[in-house]
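What you are looking at is a predicted structure, and each value in this text was computed from that prediction instead of being measured. Each residue takes its place number in the sequence, starting with 1.
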Amino acid sequence: MPATPAWPPASLPRLYVSNTLADGAALTLEGPPANYLGAVLRVQEGAQVKLFDDRTGEWLAEVTEAGKRRVSLRLLRLLREREPVPDLWLLFAPIKKGRIDWMAEKATELGVARLVPVLTQRTIVDRVNCDRLMAHMIEAGEQCERTALPKLDEPHKLTRLLESWPSERSLLFADETGGEPMAAAHAPAPAAILIGPEGGFTIEERDAIRAVPQARSVSLGPRVLRADTAAVAAISLWMAGAGDWHNHGRRVAD
């Protein structure tokens with residue numbers, strides 16, 4: 001006897017919406033989300049989609065009216081509550097467009113709770129397009145089935161960030177001059193990972209970081225890594241050791 005297929009299927013379209021969702025609520029999508037459903041996927045009345053709002057969780061919704069510029073839906077039921085997210089921040093010196101987008105996307109997929117751009121003396125990009133970066137993070141959250149999106153801060157100067165560093169949060173500093181292996185560092189949440197600019201931190205900055213009581217120098221191995229690669233490597237190691245990877249067996253996306 002064939003097994004009963006899961007419902008709703010994982011292949012249903014999945015979108016983030018800014019509206020707060022509730023059982024039986026009706027909402028209308030316009031702009032890019034409506035264009036994606038109506039013009040790209042060409043959904044019809046009666047089609048079902050998954051929605052999440054970063055507040056209540058993930059919902060099953062049914063299309064009640066479909067057009068290329070406007071799609072109306074009705075919420076049917078809650079599929080999943082908003083997930084608890086490991087309290088890990090990624091602090092990073094901004095890098096070039098394209099690579100910073102990729103880094104934000106991967107940090108979202110890996111489960112980071114907050115992204116904080118940090119301006120250092122050797123930062124080569126001093127402006128961050130937060131709207132564009134958040135769009136990439138939302139798209140990554142839709143794809144990886146997160147129900148809780150990371151927060152994105154406006155850029156902070158490193159000196160000011162260190163001066164007000166929270167006493168309860170560990171600061172894992174990816175130090176190009178060496179440190180304890182990241183794979184062996186035990187730093188449970190709340191924690192943060194600090195990735196420097198392509199040219200590295202200055203001696204003064206490195207001394208200021210090490211002066212923070214919660215800071216620990218860590219090494220990401222024997223090779224020199226680009227900033228975006230270092231961020232992904234450090235997050236992965238932390239999630240495997242202190243995050244939530246050991247709690248779930250999620251499928252790998254195509």
Side-chain angles (χ1 to χ4, degrees), residues 5-38 40-41 43-67 69-90 104-116 130-154 169 189-192 235 239 242-253:
W7 192 262
S11 59
L12 284 182
R14 186 172 189 272
L15 291 175
Y16 164 76
V17 295
S18 58
N19 311 62
T20 299
L21 303 177
D23 191 26
L27 71 153
T28 298
L29 301 181
E30 297 179 339
N35 180 73
Y36 175 68
L37 291 177
V40 179
L41 298 182
V43 297
Q44 302 296 319
E45 183 178 339
Q48 294 186 339
V49 301
K50 295 177 182 178
L51 304 175
F52 72 104
D53 60 0
D54 194 29
R55 289 183 288 275
T56 61
E58 180 182 74
W59 294 78
L60 182 65
E62 183 178 77
V63 176
T64 57
E65 181 182 346
R69 298 183 179 180
R70 181 185 177 94
V71 176
S72 297
L73 306 105
R74 177 173 60 88
L75 277 293
L76 300 178
R77 62 186 174 92
L78 180 65
L79 298 175
R80 290 187 293 149
E81 299 280 354
R82 187 180 188 274
E83 67 191 291
V85 177
D87 192 1
L88 177 66
W89 296 357
L90 173 64
E105 174 187 301
K106 300 311 170 188
T108 301
E109 292 178 12
L110 292 170
V112 165
R114 190 179 213 99
L115 280 76
V116 184
C130 289
D131 289 339
R132 189 193 73 238
L133 212 57
M134 194 68 214
H136 282 279
M137 292 162 61
I138 288 173
E139 184 176 344
E142 292 172 341
Q143 183 275 326
C144 74
E145 299 190 1
R146 284 188 68 159
T147 57
L149 292 173
K151 306 300 181 187
L152 175 62
D153 283 20
E154 292 290 334
R169 186 172 299 275
I235 296 167
M239 284 290 176
D244 59 359
W245 284 12
H246 60 284
N247 296 330
H248 300 83
R250 300 292 289 178
R251 63 183 180 84
V252 178

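Leu152 is listed as a side-chain neighbour of Leu133, based on a closest heavy-atom distance under 4.5 Å. In this structure the side chain of Val63 never reaches within 4.5 angstrom of the side chain of Leu37, judged on heavy atoms. At least one side-chain heavy atom of Leu76 sits under 4.5 Å from a side-chain heavy atom of Gln48. Contact of the Leu51 side chain with the Leu21 side chain is registered, since non-hydrogen atoms from C-beta on lie closer than 4.5 Å. Annotation: side chain of Arg80 is in contact with side chain of Glu145 (closest heavy-atom distance under 4.5 Å). When side chains are defined from C-beta on, Asp53 counts as touching Thr20, because their heavy atoms get closer than 4.5 Å. Looking only at side-chain heavy atoms (C-beta outward), Phe52 and Arg82 stay at 4.5 Å or farther from each other. Put simply, the side chain of Leu78 does not reach to within 4.5 Å of the side chain of Glu58, judged on heavy atoms.
With hydrogens and angles disregarded, no donor-acceptor distance shorter than 3.5 Å links the side chain of Arg114 to the backbone of Trp89.
Residues Asp54 and Lys151 are paired through a salt bridge, judged by an N-O separation under 4.0 Å between the basic side chain and the carboxylate. In this structure, Arg70 pairs ionically with Glu30, as a charged nitrogen and a carboxylate oxygen lie closer than 4.0 Å. Between Glu109 and Arg146 there is no salt bridge, since no side-chain N of the basic residue sits under 4.0 Å from a carboxylate O of the acidic one. Between Asp23 and Arg77, none of the side-chain N atoms (NZ, or NE/NH1/NH2) sits under 4.0 Å from a carboxylate O, so this pair counts as no salt bridge.
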Dump the intermediate steps for side-chain hydrogen bond (donor to acceptor under 3.5 Å, both in side chains) on Thr147 and Glu83, then the final yes or no. CA-CA 6 Å; Thr147 57; Glu83 67 191 291; 3.2 Å; yes
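In this structure, Arg132 places its CZ atom where more than 12 heavy-atom neighbours from other residues, nucleotides or ligands lie under 6.0 Å away.
The two residues Asp244 and Pro84 make their nearest non-hydrogen contact at OD2-O, 4.5 Å. Nearest approach of Ile235 to Ala107, heavy atoms of both residues: CD1-CB, 3.9 Å.
Atoms OG and CD, from Ser72 and Glu62 in turn, are 12.0 Å apart once rounded to the nearest 0.5 Å.
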